[in-house]
Protein chains: 2
Amino acid sequence: MEADTPRTEEYLESIYKLQQEHRPVTTSSLAEHLKLSAPSVSEMVKKLEGKGLLSHTEKGVCLTEEGKSIAKKVIRRHRLSERLLTDILGFKWDEVHEEACRLEHAISPEMEDRIAESLGNPKTCPHGHPIPDKDGVLVKEKVRPLSELKASGKGVIVNVFEEDPNMLKYLASLGLIPGVCVRVEEVAPFGGPLIVCVSGSRYALGREVASKIKVK
Amino acid sequence: MEADTPRTEEYLESIYKLQQEHRPVTTSSLAEHLKLSAPSVSEMVKKLEGKGLLSHTEKGVCLTEEGKSIAKKVIRRHRLSERLLTDILGFKWDEVHEEACRLEHAISPEMEDRIAESLGNPKTCPHGHPIPDKDGVLVKEKVRPLSELKASGKGVIVNVFEEDPNMLKYLASLGLIPGVCVRVEEVAPFGGPLIVCVSGSRYALGREVASKIKVK
DNA sequence: TTCATTGATTAGGTATACCTAACTGTAATA
DNA sequence: TATTACAGTTAGGTATACCTAATCAATGAA
Ligand SMILES: [Mn+2]
Ligand SMILES: [Mn+2]
Ligand SMILES: [Mn+2]
Ligand SMILES: [Mn+2]
């Protein structure tokens, strides 16, 4: 069994994430997510299929058990890196994604263990996403998008499906971070914004944005 | 100016280190240090020369100012990584070299700053080697090898030029780490061992080993 | 002086991972 | 039905960084 290269890890990670977000896992969606050309992805997908890490049918790409297992390891390292960056090195949650995306390929199993231990085995990354445990067990909370709440509905933010630093900075400035309670005051019709109440303040939130904030 | 690849960084780092240790910086010594074939190094050296990072004469390879500057940045990231690993994540000094050798290529300038800050701007790595500052200033202490001390000579260990984990573990088990005071009790003739006294205990040390321990 | 050793390079090749341009097949549209 | 749009692949090519085998050049020993 040949060692996985950083690129293999990156593909598997992307595929796993797209699938988790219930987005189509096609070569084109992958190409968009990875910011690569379609033929590059097409070629790589074929190689990964040859290595038994995924299967590729008309319906799209699907990780095998081995592919899933590797993906979860990468995601564990990614999310632990993010926690290291925020909790120990003092980064903001909007500054860690890119950094972690490089670190995740440079961390040994020993370092992974030490980070987890030093941080007290955190259960989630700074964005609220679960950190798979050593055995690849990933506890997914049942959540729904904030955008689905009705007027006067309430919920606690569990996680935020967003990687764009500017958006994350904006959300943090409104106090929209995991663990915070949000109440929907009003829902404008025709796909209009939501008026939400967060720790005493009122804000108008676009549907698009609200759909990325998952609450329970 | 194209970005440096991890491999470019690795070559420059090796060249800088060999030169610091006053070892010949030839393609063959480089090949040995980097564990690559001579032709591979020969080729890469030519490329790096073309990029203006080094010059290659009969006397060997010599970094240009730009090459030196990059090398010192890599070494700064390497040594800061080592400190992060030992001081924050609880690694032993014999476990950090390889890990840091990967991390050093995955750390952004921002992360470099945060590590330095979080650690209180350490002056040396766990092996006692100076950490270049942001501007590439590297303070080298005047030291000499323990093997050069005469009988009843004394010195404080400044650093240890050794990367082999087993050797480092051995040295740590004898208490031979930076900051510790060593007295040479006896020097066996004909290149024989030194009998040294460290924190109350006596040990026989081979010349080879003793030459890697630098004292002041 | 000639030969063998050593160091370095040239020649030729591989693997990985990316690209653009061109082509193909399917499915919705006019 | 013919057309267009889109997704996906094939074809052909590049850059990086490695390898082995063969060659070349200088040096010291026979
Ligand atoms: Mn990643
Ligand atoms: Mn995250
Ligand atoms: Mn290195
Ligand atoms: Mn060190």
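The sequence lines fix the lettering, A, B, ..., with proteins before strands; numbering per chain opens at 1.
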Contacts of type ring pair (Phe, Tyr, Trp, His ring centres under 6.0 Å), residue B/H127, not counting sequence neighbours: B/W93
For B/H97, all residues meeting ring pair (Phe, Tyr, Trp, His ring centres under 6.0 Å), sequence neighbours excluded: B/H78
Counterpart residues, side-chain hydrogen bond (donor to acceptor under 3.5 Å, both in side chains), relative to B/Q19 (two or more places apart): none
Non-neighbouring partners of B/K212 that pass side-chain hydrogen bond (donor to acceptor under 3.5 Å, both in side chains), sequence neighbours left out: B/E162
Outermost DNA chain D nucleotides near chain A [under 4.0 Å, heavy atoms]: D/dA7 to D/dT10
Using a 3.5 Å cut-off and no angle test, enumerate the donor-acceptor pairs between side-chain atoms of residues 117-124 of chain B and protein atoms at least two apart in sequence or in another chain.
{"unit_1": "B/S118", "atom_1": "OG", "unit_2": "B/R114", "atom_2": "O", "d": "2.7"}
{"unit_1": "B/K123", "atom_1": "NZ", "unit_2": "B/N121", "atom_2": "O", "d": "3.3"}

Find every protein N or O atom lying less than 3.5 Å from an N or O atom of nucleotides 5-10 of chain C, and list the pairs.
{"unit_1": "C/dA8", "atom_1": "OP2", "unit_2": "B/T27", "atom_2": "OG1", "d": "3.2"}
{"unit_1": "C/dA8", "atom_1": "OP2", "unit_2": "B/S28", "atom_2": "N", "d": "2.9"}
{"unit_1": "C/dA8", "atom_1": "OP2", "unit_2": "B/S28", "atom_2": "OG", "d": "2.3"}
{"unit_1": "C/dA8", "atom_1": "O5'", "unit_2": "B/T27", "atom_2": "OG1", "d": "3.3"}
{"unit_1": "C/dT9", "atom_1": "OP2", "unit_2": "B/S42", "atom_2": "OG", "d": "2.3"}
{"unit_1": "C/dT9", "atom_1": "O5'", "unit_2": "B/S42", "atom_2": "OG", "d": "3.2"}
{"unit_1": "C/dT10", "atom_1": "OP2", "unit_2": "B/K46", "atom_2": "NZ", "d": "2.7"}

Set of residues satisfying salt bridge (charged side-chain N to carboxylate O under 4.0 Å, His left out) with respect to A/R79, sequence neighbours excluded: none
Test salt bridge (charged side-chain N to carboxylate O under 4.0 Å, His left out) applied to A/R144 - qualifying residues, sequence neighbours left out: none
